[in-house]
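Chain naming here is simple, since letters A, B, ... match the order of the sequence lines and numbering starts at 1 in each.
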There are 2 protein chains.
Amino acid sequence: MLTASPLIPMLRKLEYWATLAEADREALLTLPYILKTIEPKGMIVREGDQTTHACVIRSGFVYRHKVVANGARQIVSLHMSGDLVDLQNALLHTADHYVQALTRSELAMVPRAAIRRIAADRPAIGEAMWHDTLVDGSIFREWIANVGRRDARTRLAHLLCEFALRLAAAGIGEENGYELPMTQEQLGDCTGLTPVHVNRMLKSLSDDGLIHRSKRAVAIADWQGLLIAGDFQSGYLHLPDEKVAMMR
Amino acid sequence: MLTASPLIPMLRKLEYWATLAEADREALLTLPYILKTIEPKGMIVREGDQTTHACVIRSGFVYRHKVVANGARQIVSLHMSGDLVDLQNALLHTADHYVQALTRSELAMVPRAAIRRIAADRPAIGEAMWHDTLVDGSIFREWIANVGRRDARTRLAHLLCEFALRLAAAGIGEENGYELPMTQEQLGDCTGLTPVHVNRMLKSLSDDGLIHRSKRAVAIADWQGLLIAGDFQSGYLHLPDEKVAMMR
DNA sequence: CGCCCATTTGACAGCTTTCAAATCGCGTGG
DNA sequence: CCACGCGATTTGAAAGCTGTCAAATGGGCG
């Protein structure tokens, strides 16, 4: 049975950022990698690790987080199929944060050296990866603003909007809702809130008819309303125009 | 009269991240640029701008910020001599945030095309710039954690530590203190606090003998104490070992 | 000397956290 | 098939950190 390369979603994503020649595409898809499956909550990288690989997500969800002195945890980013997680850790040698699986995930681990080589040999790929890093940075900036200056309800709504749009852009969203693979505690760790307050704000959004909830899933009931409630503008994701069409 | 190239501080910084050949250095220093002087509060880039240049700071301080729905502002990064600000805006075309001068600043504006060309033609430079972007991202992550999960006093102390160390690394710090070129309102915008509360927390740090204040300046009175108060660990700055020696 | 902006300080309000307890969902075992 | 058990979700009440509002003080500059 044929299995599609786990690197294809990454290729698709890099092509957002730069136009690649056929030879570039081939070089990307022949990158060496080791497939790895991680169970929920499984650690992929620990802060302080000397890292040697970057990872490409084939399926599942992954998050990165930091731990502060009082033991509290802050999730700094969420990742999904096609994301090139952890170029940071791979190129900077020492990990400055944790990388952990949210759900069961399949990862392609690509050696640091191979990444550096392909980026150096093929400028278009180097540029695409650099762009990817820049977009990562843009999302970080939005999160700083989200956590720093928005109230709890807005923060959560913003997170839900971002996740929906990114899922759609990656081609793994459903019509008007999606499985939110996070517990309320994890949502709190993304937004700098306590799980209790996340629960209340989720209820508030739900009561106002902006979302529907069932079990672990969240469905967006009123996309326009949620965009406003979340003070959400998609520019910072730097998605190609056609990808944000769904937002209109 | 001879004037040193405004690009020299950038060169020095890029050399933290990758070893450059003589030809690389020369190519960097012959990058085309336009010198520009900006007064305090002067806008360098506006959100939504179609940007065409990145800027290298020769002197002064610059910050980047975002504005959320209720009008509040969040500063997402601070920059100083040698920093390559705004590769993001330059390579991603549409600015997703503002760039503004904190103090009178001299900037070298380098055209986007020149940056792309040098990064593509000279892999070592491309890699160094990419690293620089990655370190930027690492600082963003720390800020997310700072704003999201630390209390007000710790946040401020953390910011003061970071600024001190980065100044020292850039070679523009003094012995045991520095001019903090920010108003308390701007400190609040960095930390997600109100100016009033910044004032109180500064007083608290001062009362505890961790810092001394006079006018706009802050002197660090007890470096060890401030590190602890700020839950500060320098790893995320990814500075070369000798640069963090002062922290010991 | 006088104006203006930044800093300080106090009192009070309010959003979010904390602490606790009840309920729910779901996999496991009887 | 139903009971049990554990983690996640909900809800309530009260405390606390930070924000808001207002006014006084201070410092720099014309």
*If you find the nucleotide of DNA chain D closest to A/Met182 and the one closest to B/Val198, which residue's nucleotide is nearer the 5' end?*
A/Met182

_Between C/dT8 (P) and B/Leu205 (CG): distance, integer Å_ = 13 Å

*Between B/Arg155 (CZ) and D/dG19 (P), how many Å, whole number?*
7 Å

*Whole-Å distance separating the CE atom of A/Met201 from the C1' atom of C/dT16*: 8 Å

Atom pairs, N/O to N/O, protein against nucleotides 18-28 of chain C, distance under 3.5 Å?
{"from": "C/dT18", "atom 1": "O4", "to": "A/Arg200", "atom 2": "NH2", "distance (Å)": "2.9"}

*Within less than 4.0 Å of OP1 or OP2 of C/dA6, is there a side-chain N or O belonging to B/Gln186?*
no

*Distance below 4.0 Å between A/Asn199 side-chain N/O and D/dT10 OP1 or OP2*: yes

*asked:* Do the side chains of B/Arg64 and B/Asp136 get close enough for a salt bridge, i.e. N-O under 4.0 angstrom?
replied: yes

*How are the rings of B/Phe140 and A/Phe140 set relative to one another: parallel (under 30°), tilted (30 to 60°) or perpendicular (over 60°)?*
tilted

*Scan B/Gly192 against the nucleic acid and name what it touches under 4.0 Å (heavy atoms): base, sugar-phosphate only, or nothing.*
sugar-phosphate

*How are the rings of B/Tyr98 and B/His65 set to each other: parallel, tilted or perpendicular (split at 30° and 60°)?*
parallel

*Counting only side-chain N and O atoms of B/Gln184, is one of them less than 4.0 Å from OP1 or OP2 of C/dC5?*
no

_Expressed as a whole number of angstroms, how long is the span from A/Asp189:CG to C/dT17:P?_
11 Å

*If you measure only the distance, is there a donor-acceptor pair under 3.5 Å linking the side chains of A/Ser77 and A/His79?*
yes

*Check the distance between C/dT7's P and B/Leu156's CG and give it to me in whole angstrom.*
12 Å

*Examine distances only and state if a side-chain atom of A/Gln100 and a backbone atom of A/Lys41 form a donor-acceptor pair shorter than 3.5 Å.*
yes

_B/Lys41 NZ - C/dC5 C1' separation (whole Å)_ = 8 Å

*asked:* Please report whether the ring centroid of A/Tyr236 lies less than 6.0 Å from that of A/His158.
replied: yes

*Non-hydrogen atoms of B/Arg141 and A/Lys66 that approach each other most closely*: O-CD, 4.1 Å

*A/Arg149 side-chain N/O to D/dT18 phosphate OP1/OP2 under 4.0 Å*: no

*Within this structure, what is the CG-to-P distance between A/Leu202 and D/dA8, rounded to whole angstrom?*
15 Å

*Interatomic distance where CG belongs to A/Asp151 and P belongs to C/dC15 [whole Å]*: 9 Å

